Amino acid sequence: MASVYHSMSDADLDRELAQLEAQGRALREKHLALDMARGKPSPEQTALSRPMLDLLTSATDLTDGSVPVDNYFAPDGLPSARELAAELIGVDPGNVIVNGSSSLNLMHDLVAHAFAIGVCGNTPWCQQGRVKFLCPSPGYDRHFTVTAHYGIENIPIPMAPDGPDMDEVCRLVEMDPQVKGIWCVPKYSNPQGYTYSDETVRRFAALNPAAPDFRIFWDNAYAVHDLYDEGDRLLNIFDVLAEAGGRDLVYEFASTAKVTFPGSGMAWVAASDTDIADIRAHFAAMRVCPEKISQLAHAAFLRDAAGVRAHMRKHADIARPRFELVERKLAEGLDGLGIASWTHPRGGYFVLFNGPEGTAMAIVALAKELGVTLTGAGATWPYGADPRDSDIRIAPTFPSLEALGQALDVFVCAVKLVCARMERGSRV
Ligand SMILES: Cc1ncc(COP(=O)(O)O)c(C=O)c1O
């Protein structure tokens with residue numbers, strides 16, 4: 001659709017621009033300090049888990065079945081925590097290790113393991129010369145940071161509503177032994193909120209990598225983060241792999257970061273028997289056992305998948321109005337102008353906004369001037385380089401509804417102003 005500004009006469013465009021500049025000045029004078037940058041739960045959301053803090057007292061029985069919680073033991077995590085984690089992602093508890101409070105930390109540790117030690121006895125990546133990771137883009141910036149940190153080449157892969165471009169993924173993974181992994185957020189992807197189709201999951205499970213030490217980093221961070229009763233359905237990649245006889249291909253990660261407390265929850269990794277043994281040996285060199293008091297509290301508080309679903313419905317009641325406000329404000333402000341599109345997620349933590357080519361950096365900078373912090377333009381692309389300079393990630397959960405509404409008004413004004421200024425500039 002052509003931009004509304006493009007079809008205006010010079011006089012109409014000047015009038016429109018003057019009005020938008022006046023709006024911008026009025027907003028600037030409000031000295032706002034609003035933040036839509038990072039995917040954090042709101043204080044009301046984290047408050048939902050405060051009752052968990054009352055479950056453990058000095059009188060609590062600190063055993064989990066026969067396992068002492070108050071001492072070294074259970075290097076793979078408490079049995080009740082492993083059962084909960086396994087049930088949430090649909091795998092056998094024997095294939096899960098619950099360790100620490102950050103899934104990103106586990107992802108980093110497994111990249112470091114592959115890089116320095118080698119996957120299942122293969123030559124370490126650091127001794128293999130140039131190695132590459134596929135990065136469906138836009139994607140989660142911190143994933144890309146992990147691989148870039150080790151000097152691994154991040155290669156962008158186009159994303160569509162049904163997942164990454166699988167023709168491109170197959171071509172690269174099956175032809176090039178330097179390709180060692182791919183970052184995936186298969187449900188409510190960060191930042192689009194897309195869920196991979198069954199066909200995409202099946203094609204991932206059917207990959208025949210050229211490299212024996214290639215692994216899919218399946219970051220199921222938003223496995224239970226539905227905004228509506230009817231959530232997106234993601235095919236269980238381990239079920240599909242099992243149908244084909246099972247292979248050592250996938251590391252799946254998840255955590256309770258956005259179920260209970262970010263940074264203070266429990267995180268886990270699931271993998272095939274062979275891979276989990278390899279991971280176990282790696283973790284054994286790092287620590288005697290994981291922190292288990294928090295695991296005990298989580299298992300007592302959340303209990304099982306049904307308990308988590310009930311808890312997540314309370315999160316959804318808080319997060320959903322914010323997502324709906326984003327939809328309403330963007331639609332009211334921008335629908336029909338031919339300058340923008342955005343995603344309509346039914347879960348997760350983000351909305352992806354897409355402006356005209358060459359505007360994202362200017363919009364983010366102008367929004368900042370007007371008092372609203374957004375994720376840096378380009379941050380969702382490897383090396384911060386959005387080739388079209390058009391993607392902006394919106395994170396609506398943290399601000400109050402009132403602050404979010406104000407931030408979105410500023411954002412809409414910034415988008416229109418940048419687009420109208422660009423049109424004016426192109427006519428001079
Ligand atoms: C896709 C994705 N994975 C992982 C994380 C971080 O999870 P954790 O706190 O368990 O390290 C985030 C946080 O925003 C995320 O969006």
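What you see is a predicted model, and the numbers here were worked out from it, not measured in a lab. Just so you know, ligand 1 is whichever comes first in the structure, and atom 1 is the first atom listed for that ligand.
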Side chains of W381 and P387, heavy atoms from C-beta outward: is any pair under 4.5 Å?
yes

Does the ring centre of W218 sit less than 6.0 Å away from the ring centre of F204?
yes

Using side chain to side chain contact (heavy atoms under 4.5 Å, CB included) as the criterion, point out the one residue from D219, V111, I279, I216 that pairs with Y251.
I279

Lys/Arg N to Asp/Glu carboxylate O, R203 vs D198, below 4.0 Å
no

Run through ligand 1 for me and note each protein residue having a heavy atom under 4.0 Å from it, chain first, then residue number.
S102, S103, L104, Y140, V185, N190, D219, A221, Y222, S255, A257, K258

Pair R247 + D275, salt bridge at N-O below 4.0 Å:
no

Would you kindly check if the NZ (Lys) or CZ (Arg) of K258 is within the cone defined by 45 degrees around the ring axis of Y222 and under 6.0 Å from the six-membered ring centre?
no

